[in-house]
Each structure stands twice: as structure tokens, then as C-alpha cells.
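Encoded as C-alpha cells, the structure appears first; notes follow it.
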Amino acid sequence: QVQLVESGGGLVQAGGSLRLSCAASGRIFSINAMGWYRQAPGKQRELVAGITNGGSTNYADSVKGRFTISRDNAKNTVYLQMNSLKPEDTAVYYCNADITYSNGSYLLRRPDYWGQGTQVTVSS
């Protein structure tokens, strides 16, 4: 089965930086859009940044100018470079991908394939 493996979360001071990585593995045929979402306690999950397979990007207003999303198609990996972190960025960050994969007989598309999440904590 397809898996999304995330890394790079942790604890940083305000103004610091983190780089999140999410690598997809398995019987992958293709990956369309990929993105990063976050969810703080008591809050709804929100889109932080998204990127298409062609490299077009979009960002939440709250992170524009501070975060950069990128991808390496050869490695089936998406990254999120987070600079000038603020305490309000504290949340569980989730990787998401639109993946078409093979089950051995058919190609199946799952537009909402999720990673397990990684905690990002920014101290005041």
C-alpha cells in the first residue's frame, strides 16, 4: 500500500526555521497535487500550502512570505520550508497527496491520501 512518511517536525523558538519532508512510497503510478495542512488544538484543519505536479503553488495568507513548498517528483517527496516561525504556527502538520496507485490489477485514485502528522511547536 501507499505510505506517506513525514519528518522534520520539532520544537523551535520564535523566529526559527524548520524543514518538513513527506515522502510517498508504494505502487505509485502518479501523484497530482500535494500539500501541507495543519491543525491546532480546538481548531479546524486548514490548508497551509499546496503544489501541483507542474509546480504551481498556493499558500494560506498567514504563511505567505515565510513558508515555501516544493517537491521532488523523482523522489515522490514534498517539502515545506518554514522560516520566521511564530507561536501561532504551532500545530500538527499533515502531508496530503492526490495519488493514483496500483493494487496489482487496477489503478486507483485517492485524492485525499494523508500522512500521520508531525508536531511543530514554536515557543514564545
Side-chain angles (χ1 to χ4, degrees):
Q1 293 183 332
V2 173
Q3 295 187 66
L4 297 178
V5 180
E6 302 167 338
S7 62
L11 174 64
V12 298
Q13 293 180 316
S17 298
L18 285 173
R19 182 177 172 86
L20 305 183
S21 299
C22 175
S25 62
R27 293 181 173 180
I28 298 171
F29 179 78
S30 64
I31 301 178
N32 192 0
M34 304 184 79
W36 289 95
Y37 292 72
R38 67 186 181 188
Q39 187 168 26
K43 304 292 184 180
Q44 292 184 318
R45 188 174 298 186
E46 64 175 351
L47 175 67
V48 177
I51 185 168
T52 69
N53 61 347
S56 298
T57 60
N58 65 287
Y59 298 91
D61 288 341
S62 60
V63 307
K64 287 181 179 178
R66 300 188 297 119
F67 291 9
T68 302
I69 188 171
S70 61
R71 64 190 290 170
D72 185 335
N73 291 333
K75 298 180 179 179
N76 291 325
T77 300
V78 62
Y79 306 93
L80 185 67
Q81 178 67 46
M82 304 185 293
N83 298 324
S84 302
L85 283 162
K86 305 174 181 179
E88 64 194 69
D89 295 319
T90 295
V92 177
Y93 283 70
Y94 297 90
C95 177
N96 176 266
D98 178 352
I99 301 177
T100 299
Y101 63 98
S102 173
N103 70 351
S105 299
Y106 302 95
L107 293 177
L108 304 173
R109 183 176 182 180
R110 295 291 183 268
D112 58 350
Y113 214 104
W114 293 96
Q116 296 301 306
T118 184
Q119 178 70 45
V120 171
T121 303
V122 184
S123 62
S124 302

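Computation of the quantities below employed the complete heavy-atom set of this structure, encompassing side-chain atoms and omitting hydrogens, waters and symmetry-equivalent molecules. Everything numeric here is computed off the predicted structure, so don't read it as measured data.
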Joint hydrophobic cluster, M34 plus W114, side-chain heavy atoms closer than 4.5 Å: no
How far does [atom1] of [X] sit from [atom2] of [Y], to the nearest 0.5 angstrom?
X    : Y    : atom1 : atom2 : answer
Y79  : S7   : OH    : OG    : 9.0 Å
L20  : W36  : CG    : CH2   : 4.5 Å
Q81  : L18  : CD    : CG    : 8.5 Å
R109 : Y101 : CZ    : OH    : 12.5 Å

Residue pairs passing the salt bridge (Lys or Arg N to Asp or Glu O under 4.0 Å) test where at least one lies in residues 77-97, sequence neighbours excluded: R38-D89, R66-D89
Verdict with reasoning, L80 to F67, per side chain to side chain contact (heavy atoms under 4.5 Å, CB included): CA-CA 7 Å; L80 185 67; F67 291 9; 4.2 Å; yes
Validation row: R27, N103 side chains within 4.5 angstrom (heavy atoms):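 Answer no - side chains too far apart.
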I69 side chain near R71 side chain, heavy-atom distance below 4.5 Å: no
Pairing residues for D61 by the salt bridge (Lys or Arg N to Asp or Glu O under 4.0 Å) criterion, not counting sequence neighbours: K64
Qualifying residues under salt bridge (Lys or Arg N to Asp or Glu O under 4.0 Å), relative to R110, sequence neighbours excluded: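 By the salt bridge (Lys or Arg N to Asp or Glu O under 4.0 Å) rule, R110 matches no residue at all.
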E46, CD: over 12 other non-hydrogen atoms inside 6.0 angstrom: yes
Counterpart residues, side-chain contact (heavy atoms from CB on, under 4.5 Å), relative to I28 (two or more places apart):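 With sequence neighbours excluded, I28 shows a side-chain contact (heavy atoms from CB on, under 4.5 Å) to V2, A24, I31, N76, I99, given in chain and number order.
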Please list every donor-acceptor pair under 3.5 Å in which a side-chain atom of residues 117-124 meets a protein atom from a residue at least two apart or in another chain.
residue	atom	partner	partner atom	Å
Q119	NE2	A91	O	3.4
Q119	NE2	T121	OG1	3.2
S123	OG	V12	O	3.4

For residues 48-57, run the donor-acceptor check on the side chains, cut-off 3.5 Å, and write out each pair with its distance to 0.1 Å, sequence neighbours left out.
residue	atom	partner	partner atom	Å
T52	OG1	G54	N	3.3
T52	OG1	G55	N	3.3
T52	OG1	S56	N	3.1

